[in-house]
Structures are given as C-alpha cells and as structure tokens.
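These notes are about the structure you will find just below.
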2 protein chains.
Amino acid sequence: MDGIDKVILGELVRDGRVSFRDLAERVRLSPTATAERVRKLQESGVISGFRAEVDMTALGRPLKAFIDVRLRPGPDHAELEAALLTLPAVLSGVHVTGRWDYTLTVACRDVAELDELVMALPRSYGVVETNTRLLLRELAGSGAEAVTRLLG
Amino acid sequence: MDGIDKVILGELVRDGRVSFRDLAERVRLSPTATAERVRKLQESGVISGFRAEVDMTALGRPLKAFIDVRLRPGPDHAELEAALLTLPAVLSGVHVTGRWDYTLTVACRDVAELDELVMALPRSYGVVETNTRLLLRELAGSGAEAVTRLLG
DNA sequence: CCTGAAACGTTGGATAA
DNA sequence: TTATCCAACGTTTCAGG
C-alpha cells in the first residue's frame, strides 16, 4: 500500500466503474500496471467488492430508520438473526455492545409499514424490546470522502 | 422498473463491475439494450453510483463503533456537523430522532484511538454527551441480498 | 430493441529497469 | 520484482433499421 495504491483506492470508491485506462492516466502508470494493482488490492482483501449503490427513496422506500432490538436470552440467536434479516424493509443488521443487542437499518414505504414492522418484531422473533430512531439526514461526505481522508 | 430492471439492479449490487455483455446474457437482451437500461437507472436516480467497497480491517482499522452524540443547543449545527466529519476515524454520520442527535460510525486502529476520539469530542465540537457502542458483528447478507429481497 | 461496424478498453507475453 | 510496450482480443457505443 503505497501512495499510488491510495489514489487508486480513492478513485475506485468515487467511481467503481472507471476504466483501467482512465485510472492509469490519473496515477501516471500504464493500464496494465494499474489493473495489476487493483487485482492485488482485491486479493489482499482491501477491496472487498464493487457494488452499485441503490437509492431507496427512488425505489419508493423513503423512510429510513434504525431499530435497536433486545432479544430474549437463549441459545437460539443464530436463528433469530436469520429471521430478522428476512423481514420486509430490513437492509442490514449489526450485533452491538450495550443496552441493545442489535441495530437494524430499515427502509420503509411509509410510517404505516414502519409501525407494522415495529409491532411485528416482539410478536414473532424473540424480540423483547425495541427502540426506533428515524434517519432525518445522512451527513454529506459519508462514504467516499471518508476513505480518502482515512488514507491520509 | 420492470422485472428485467430488477434483475439488472440485483446483479449490479452483487458485482458493480460486471460487463454489459455478461449482464445482457443474464437478462437475455442485447448488450446495447442492457447498457441503455443501466444508463436510465442512473439517470432516474435509482442507481446513485458505483463504488469499491473497502474493508477497514484490512486497512489496519479493525475496531468499528457507533458513537451517538448530543450537541449543545444553538444555531451552529452546520459547522459542528462539518467538523465531526473531519475527525480521524469517522466514516459517516446520520442525524436521527430521539435522545441522541447524531450517530457516527467510526473505524479505529485500536481502543486507545477510540478512547482518544471519545474524549476529544466533548472538548472541541459542541458535543455535550456521547454513548459508544462497539460493532461486534455485521450480520451476513447485509447489502446486496437486501436489495434483491426488497425488489421482490 | 436489434444488428453491425467503429471506437475504445483489457490482457498477455516479451522485455527493460 | 515491478513496470512497460504492443498486438490480439474483448467490450462498449453509435448509426440505421
């Protein structure tokens, strides 16, 4: 990971579909050498994948929320986790320390759907308590800019 | 957004660098028609971008945490927000409802760096209270799978 | 939405630093 | 080892239907 790799990484976070030719021009290397560096970044796990970023609002799911959940004690957390991830509107989930066991990120069509989801949780998934926080705004610069900054 | 667009979206979330030729084969369309659909998905905002996904652990920042913060009242939240996003280790931030104003996601080199960050917050950024939760595990299937599921 | 052809981008082998 | 050049090959884009 030298300075050139850092520039490559920054560019690929900004535009994951940039051609090796343009990337090479940016770092003043040949396309071949550039492609090889990208391959190694993937092989070493620094780049874990390339993804299209989907706007949930444009897909009719403008209401995002964090749902913190606490599960009933027991040895069946693996099954409960899997069940949580199949719920409608659930985008992702994280096991965290503290008062809550998990924080789910959800994207709902409207408040009715969110209400339904929050009401359904304690009924069927071993959830004993929830706390819902609406996402009002994602701060600008989240994501691409952050990686560039962390790389120095 | 017909069924073909949904398949295209799913494939592009799985592999953002797949060629139009392979994508076309998958949906049994010509590469030209496929590329045109992708272009329209971008133009309509459904696809907001293509990004390389970076593994913070492979970059020497294995310790992820949510830091919930409450800011002092005042009209200067815009500046404070900008300042928060320039902090070392901060990946992203979200303005949320509830007891806390923001939830920051951070990736630290070690607990010492996390401690330093949490101690620094109330000193210089208008932060009056924080709550830190370590990310123990991101549940499998977060991301790509979720989009496919939400598309039906 | 398709075809076909031109423009463009990627890959691999030989080679040099 | 790491990068380069160049030519073969694959991919994307554009015009015309």
Side-chain angles (χ1 to χ4, degrees), chain A residues 1-55 57-60 143-145 147-152, chain B residues 1-62 109 143-145 147-152:
Chain A
M1 272 291 286
D2 59 8
I4 295 179
D5 281 334
K6 290 178 183 178
V7 174
I8 288 175
L9 212 47
E11 292 296 313
L12 286 175
V13 171
R14 265 195 335 111
D15 177 8
R17 263 184 103 90
V18 66
S19 72
F20 290 129
R21 184 179 170 282
D22 290 352
L23 200 50
E25 202 164 292
R26 175 74 179 76
V27 299
R28 297 173 162 272
L29 241 48
S30 71
T32 311
T34 308
E36 178 68 5
R37 279 170 179 264
V38 173
R39 195 189 59 73
K40 282 181 180 165
L41 285 169
Q42 290 189 258
E43 205 164 68
S44 69
V46 172
I47 295 175
S48 56
F50 292 94
R51 318 227 166 280
E53 193 175 79
V54 173
D55 180 343
T57 300
L59 282 180
E145 190 196 295
V147 171
T148 310
R149 177 163 36 82
L150 292 198
L151 293 174
Chain B
M1 273 290 289
D2 60 8
I4 294 179
D5 282 334
K6 290 179 183 178
V7 174
I8 288 175
L9 212 48
E11 292 295 315
L12 286 175
V13 172
R14 266 197 333 110
D15 177 8
R17 265 184 100 89
V18 67
S19 72
F20 291 130
R21 185 180 166 281
D22 289 354
L23 200 49
E25 201 164 292
R26 175 74 179 76
V27 299
R28 293 170 165 275
L29 242 49
S30 71
T32 310
T34 308
E36 178 65 6
R37 279 169 178 264
V38 173
R39 193 189 62 72
K40 282 181 179 164
L41 284 170
Q42 291 188 259
E43 205 164 66
S44 69
V46 173
I47 294 176
S48 57
F50 292 95
R51 319 225 166 278
E53 193 175 79
V54 174
D55 180 343
M56 287 299 148
T57 301
L59 283 180
R61 297 183 165 274
R109 299 196 173 284
E145 190 196 296
V147 171
T148 310
R149 177 163 37 82
L150 292 199
L151 292 174

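Below, chains carry the letters A, B, ... as their sequence lines are ordered, and counting in each starts from 1. What you see is a predicted model, and the numbers here were worked out from it, not measured in a lab.
Residue A:L29 contributes atom CG, which lies 14 Å from atom C1' of D:dT1 at whole-angstrom precision. Taking atom CZ of residue B:R28 and atom P of nucleotide C:dC2, one finds them 12 Å apart after rounding to whole Å. The distance between atom NZ of A:K40 and atom C1' of D:dT2, rounded to the nearest whole Å, is 7 Å.
With respect to the salt-bridge test (charged N to carboxylate O, under 4.0 angstrom), the residues A:E43 and A:K40 do not qualify. Under a 4.0 Å N-O distance rule, the pair A:E11/A:R14 qualifies as a salt bridge.
Of the candidates C:dC1, D:dA3, D:dC5, the closest approach to any side-chain atom of B:R37 belongs to C:dC1.
With hydrogens and angles ignored, the 3.5 Å screen pairs no side-chain donor or acceptor of B:S48 with any backbone N or O of B:G45. Formation of a donor-acceptor pair under 3.5 Å by the A:R51 side chain with backbone atoms of B:G16 is not found in this model. At least one donor-acceptor pair closer than 3.5 Å links the side chain of A:R17 to the backbone N or O of B:V18.
Of all the residues in residues 3-24 of chain B, B:S19, B:F20, B:R21 reach under 4.0 Å from DNA chain D with at least one non-hydrogen atom.
Inter-residue side-chain proximity for B:L41 and B:M1 is flagged as met; some heavy-atom pair is nearer than 4.5 Å. Between B:V46 and B:D5 there is no side-chain heavy-atom pair separated by less than 4.5 Å. Side-chain contact between A:L12 and A:I47: present, with at least one pair of heavy atoms (C-beta onward) separated by less than 4.5 Å.
Overall, the helix from C:dC1-D:dG17 to C:dA17-D:dT1 carries an axis bend of 40° between its ends, with five pairs at each end and the value rounded to 10°.
Below the 3.5 angstrom threshold, one finds a donor paired with an acceptor across the side chain of B:T32 and the base of D:dC14.
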